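All remarks here apply to the structure that follows.
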Amino acid sequence: MDSQLHIYNTLKGDKELFKPITEGQIGMYVCGPTVYSDVHLGNCRTFISFDMIYRYLLHSNYKVRYVRNITDAGHLEASLAGKTRLDQLEPMEIVQKYTVGFHDVMGMFNNHPPSIEPAATGHIIEQIEIVKTILDKGLAYESNGSVYFDVEKFNKEENYGELSGRKIEDLLSGTRDLDGQDEKRSPLDFALWKKASDSHIMRWPSPWSDGFPGWHLECTAMSTKYLGDTFDIHGGGMDLKFPHHECEVAQGKASTGKSPVNYWLHANMLTLNGQKMSKSTGNTILPGELFSGDNDIMDKAYHPTVVRFFMMQAHYRSILDFSSAALTASEKGFTKLMNAMAELESVAGGSDSSFEVKDLTESFYAAMNDDFNTPVLVARLFDAATWINKIKSGEASISNADLELLKKEMKAFVFDVLGIRTLDASGGNELDAAMDIVLELRKNAREQKDWGTSDLIRDRLKDAGITVKDSAEGSTWSSN
RNA sequence: GGUCCUGUGGCCGAGCGGCUAGGCAGUGGUCUGCAAAACCAUCUACAGCGGUUCGAAUCCGCUCGGGACCUCCA
C-alpha cells in the first residue's frame, strides 16, 4: 500500500484510491441517531468509527464539513405516538431529552461534534420540495394522501440495488405482506410522504395531506442541502445499507439525475453474546451502565476511553464482539501504551538512533491509509512503545531529531487520530492534595526503613480502594 | 426461502498468494525491603475435505459452523 488514502467503497465493493471532488476539501455525511430512547453501545460504535475517520481526514490536512443528522421526525413517528400518550410528554420534550443524552455520551467517548447537526423536523420544507421534484419527474405517485417512490419505474432507467447488490426480482420474490401495502403499486415502493392518521401528533401540512416525511427522505434532504447534489463520503451502520441507503441513492438520482455519493462507507455491528446489539431485541448495554459497572453483563466498570481504545483494536468494517474478557485485555494494553506515552516525554535523545524511526512513523500512515486500519496502527504503536522502553533502559538509542519526530507523530496518532485520552487518577481535588501528604509521610517512613508504617499505610489505603505502587521514581496511586 | 458476510493460536483481533501483526493470558528473566506494577524475551494458529499454483491462512469448489440484511434499527 502506498502513502495515499484508499477507502473501501460499498458502491464498488472494493478498496479504491480516495479523490475528493474538490481538491483539499471533503463533504461527509453520517446517518445520526433516532432520539426517542437512549443510545446504546452499538450505536456508539458507528459514531466512534466515523469520528476516527473524521479525525484522520483532518489530520491529513483536509478541510472537512462533517454533517450528522438528528432523526426527530418521520419514521420516529409511530414509536413517539405511543410513548407520548404514556408519558404525557410533548414529542419535542422526548427529542430534547435524548438529544442531550446523546451529546453527553458522545462527549464521554471524546467524539468531535460534527460541523453541522441538522434535525429532520427543521427540514420539512426541503423534504417536501424533493417530493415535488420526484413527482414532477414521474418517478413517484400519490395514493390516498401519501406519496410513494415508484421503484420499478426507476429501475427501468437506473439500477435500484446497485449499492446493496440486490436484484429487483429477488427483492420481489422475498417480500412479505405488511400493513398499508395496498396503497402501493409494488411492495418495493417506499414512502416519500405519509398521510398522518388521527393518532399521530407530529404532522405538517403538504400539498398531499397533513402528514410527515418518509423514512429515507430526511437524509437526502439534509445531506444535499449542506454538501451538494453529489458529495464525497456517506457513512452509516451496516444495517442501514438496505433499504435506507439504497433508497437515498434512488431519491438522489431521481431528484437530481446524479448519483448523490462517491464513497459509501459502512461501519459494522457491535455484538453482545454473538448477537447484534439492537433496541428491538433488548440485546443491548447502555454506555452509562458500562462506565458505572452497573450491569449484569460485564465484570467491572470501564472508562469510556478504554472502550474507545478497545474498538480501535478492531477494524471498523469487522463485527466486534463485546465481552468483559476482551475489554479487560484491552484495558491492560491501554495502560501499557499510555505508560510508554508518558515515558516518551522524559526520554533523552542523543546523536543517533539504533532503529528506523522514520519507517516506524510512516507505518502509522500506511496503516491508516489502508482503509483506516486502526488495529494495524495500534500494533505499530505498541512496537513504538517497546522501542521507547528500550531507550529508557539503555538497550536502544534515539537521535534528538528522531525523538522529536516520534513524539510528534505518536501524540498525533494516539490523541488526535484515535481520540484516546489519558486516564488521570488525580482529579485536582482535595483527595489529590491529601494523598500527596499521605505519600510524603510514607516516603519518609520508607527512608527510615520503617516498613511497618509503610506497609500499614499501603494496606489500609488498599482497603479503602486506593492502590499504591512503588517504583524507582517514587510512589504512585490510583483509585478503583 | 432470497442476497451477502464470516470461521485465525487459551481469549480478543490484523493479515487476504511467498516476508515475526499486535494486545491479553501462559512460560522464562530483569528490577524491587516486601507487595504490586513495570520492562525484556518467548511457546501454542489459520473449521474440514479437495483443487489451482513453484508456493495458500490468503484464490476456486464442496461440507460443516456463526452472523447480517430482506420489517424500525448504528
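Keep in mind it's a predicted model, so treat the numbers as computed, not measured. Lettering of chains follows the sequences in order, A, B, ..., and the numbering in each one begins at 1.
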Over how many whole Å does the gap from [X] atom [atom1] to [N] atom [atom2] extend?
{"X": "A/Trp215", "N": "B/U71", "atom1": "CH2", "atom2": "C1'", "answer": "11 Å"}
{"X": "A/Phe355", "N": "B/U20", "atom1": "CZ", "atom2": "P", "answer": "20 Å"}
{"X": "A/Lys469", "N": "B/C34", "atom1": "NZ", "atom2": "C1'", "answer": "16 Å"}
{"X": "A/Arg317", "N": "B/A68", "atom1": "CZ", "atom2": "C1'", "answer": "15 Å"}
{"X": "A/His216", "N": "B/C69", "atom1": "NE2", "atom2": "C1'", "answer": "13 Å"}
{"X": "A/Leu337", "N": "B/C39", "atom1": "CG", "atom2": "P", "answer": "10 Å"}
{"X": "A/Arg68", "N": "B/A74", "atom1": "CZ", "atom2": "P", "answer": "12 Å"}
{"X": "A/Lys392", "N": "B/C39", "atom1": "NZ", "atom2": "P", "answer": "9 Å"}

Counting the atoms with a prime plus P, OP1 and OP2 as sugar-phosphate, which does [X] contact under 4.0 Å by heavy atoms, base, sugar-phosphate, or nothing?
{"X": "A/Val468", "value": "base"}
{"X": "A/Gly235", "value": "nothing"}
{"X": "A/Ser393", "value": "nothing"}
{"X": "A/Gly236", "value": "sugar-phosphate"}
{"X": "A/Gly32", "value": "sugar-phosphate"}
{"X": "A/Arg458", "value": "base"}

Looking only at the side chain of [X] (C-beta and beyond, no hydrogens), which of the listed nucleotides [options] gets closest?
{"X": "A/Asp383", "options": "B/G22, B/C24, B/G33", "result": "B/G22"}
{"X": "A/Lys276", "options": "B/C70, B/A68, B/A35", "result": "B/A68"}
{"X": "A/Lys390", "options": "B/C73, B/G33, B/A41", "result": "B/A41"}
{"X": "A/Pro243", "options": "B/C70, B/A21, B/A37", "result": "B/C70"}
{"X": "A/Glu395", "options": "B/C40, B/C69, B/A74", "result": "B/C40"}

Both A/Met269 and A/Gly333 contact RNA chain B. Taking the nearest nucleotide for each, which residue is further toward the 5' end?
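Counting from the 5' end, the first nearest nucleotide belongs to A/Gly333.
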
Please confirm whether the shortest side-chain N or O distance from [X] to OP1 or OP2 of [N] is below 4.0 Å.
{"X": "A/Ser454", "N": "B/C34", "result": "no"}
{"X": "A/Lys336", "N": "B/G23", "result": "yes"}
{"X": "A/Gln275", "N": "B/G66", "result": "no"}
{"X": "A/Lys279", "N": "B/C72", "result": "no"}
{"X": "A/Lys462", "N": "B/A35", "result": "no"}

A/Trp451-B/G33 aromatic stacking (under 5.5 Å, under 30°):
yes

Quick one, A/Tyr66 with A/Asp51, criterion side chain to side chain donor-acceptor pair (under 3.5 Å). Give me CA distance, side-chain angles, the key distance, then yes/no.
CA-CA 10 Å; A/Tyr66 173 25; A/Asp51 181 64; 5.9 Å; no

Reading nucleotides 27-32 of chain B from 5' to 3' and marking B where a protein heavy atom lies under 4.0 Å of the base, S where only the sugar-phosphate is that close, and - otherwise, the string is ------

Between protein and nucleotides 2-19 of chain B, map the contacts as a letter string: B base, S sugar-phosphate only, - none, heavy atoms under 4.0 Å, written 5' to 3'.
BS--------SSSS----

Nearest-0.5 Å distance that lies between atom CE in A/Met269 and atom CZ in A/Arg45
8.0 Å

Please state the [atom1] separation for the pair [N] and [M] - nearest whole angstrom.
{"N": "B/A21", "M": "B/C54", "atom1": "C1'", "answer": "26 Å"}
{"N": "B/A14", "M": "B/U58", "atom1": "C1'", "answer": "13 Å"}
{"N": "B/U32", "M": "B/G26", "atom1": "C1'", "answer": "23 Å"}
{"N": "B/C31", "M": "B/C39", "atom1": "C1'", "answer": "8 Å"}
{"N": "B/C43", "M": "B/A38", "atom1": "C1'", "answer": "22 Å"}
{"N": "B/G48", "M": "B/C64", "atom1": "P", "answer": "16 Å"}
{"N": "B/C11", "M": "B/C34", "atom1": "C1'", "answer": "33 Å"}
{"N": "B/C62", "M": "B/A68", "atom1": "P", "answer": "23 Å"}

Whether A/Tyr56 and A/Tyr365 hold their rings parallel, tilted or perpendicular, with breakpoints at 30° and 60°:
tilted

Please name all residues satisfying side-chain contact (heavy atoms from CB on, under 4.5 Å) with [X], sequence neighbours left out, ordered by chain then number.
{"X": "A/Ser363", "result": "A/Leu360, A/Arg380"}
{"X": "A/Thr335", "result": "A/Asn339"}
{"X": "A/Lys279", "result": "A/Thr34, A/Tyr36, A/Ser37, A/His40, A/Asn43"}
{"X": "A/Asn283", "result": "A/Leu272, A/Asn273, A/Gln275, A/Thr281"}

Can you list every pair that meets salt bridge (Lys or Arg N to Asp or Glu O under 4.0 Å) and has a residue in residues 235-252 of chain A, with sequence neighbours left out?
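Applying salt bridge (Lys or Arg N to Asp or Glu O under 4.0 Å) to every pair that reaches into residues 235-252 of chain A, excluding sequence neighbours, yields A/Asp239-A/Lys276.
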
Which pairs with one or both residues in residues 102-121 of chain A pass salt bridge (Lys or Arg N to Asp or Glu O under 4.0 Å), sequence neighbours excluded?
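Salt bridge (Lys or Arg N to Asp or Glu O under 4.0 Å) check on residues 102-121 of chain A returns A/Arg68-A/Glu117.
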
Applying a 3.5 angstrom cut-off to the pairing atoms, does RNA chain B sit in any stems of at least three consecutive Watson-Crick or G-U pairs? List them by first number.
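So far as stems of 3 or more pairs are concerned, RNA chain B shows B:1-7 with B:64-70, B:10-12 with B:22-24, B:26-30 with B:38-42, B:47-51 with B:59-63.
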
Salt bridge (Lys or Arg N to Asp or Glu O under 4.0 Å) partners for A/Asp38, two or more places apart
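Salt bridge (Lys or Arg N to Asp or Glu O under 4.0 Å) list for A/Asp38, sorted by chain: empty.
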
Got a sec, which residues hit salt bridge (Lys or Arg N to Asp or Glu O under 4.0 Å) with A/Asp150, two or more places apart in sequence or on another chain?
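Residues passing salt bridge (Lys or Arg N to Asp or Glu O under 4.0 Å) with A/Asp150: A/Arg185.
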
Hydrogens and angles aside, do A/Asn69 and A/Tyr29 bring a side-chain donor and acceptor to less than 3.5 Å of each other?
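There is such a pair between these side chains.
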
Base B/C34 paired with A/Asp470 side chain (donor-acceptor, <3.5 Å):
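Answer is yes: a donor-acceptor pair is held.
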
So ring-ring contact (aromatic ring centres under 6.0 Å, His included) across residues 367-396 of chain A, not counting sequence neighbours, yields A/Phe355-A/Trp387

Please say whether more than 12 non-hydrogen atoms of neighbouring residues, nucleotides or ligands are located less than 6.0 Å from CD in A/Glu356.
no

Give a yes or no on whether A/Lys443 atom NZ has more than 12 heavy-atom contacts from other residues, nucleotides or ligands under 6.0 Å away.
no

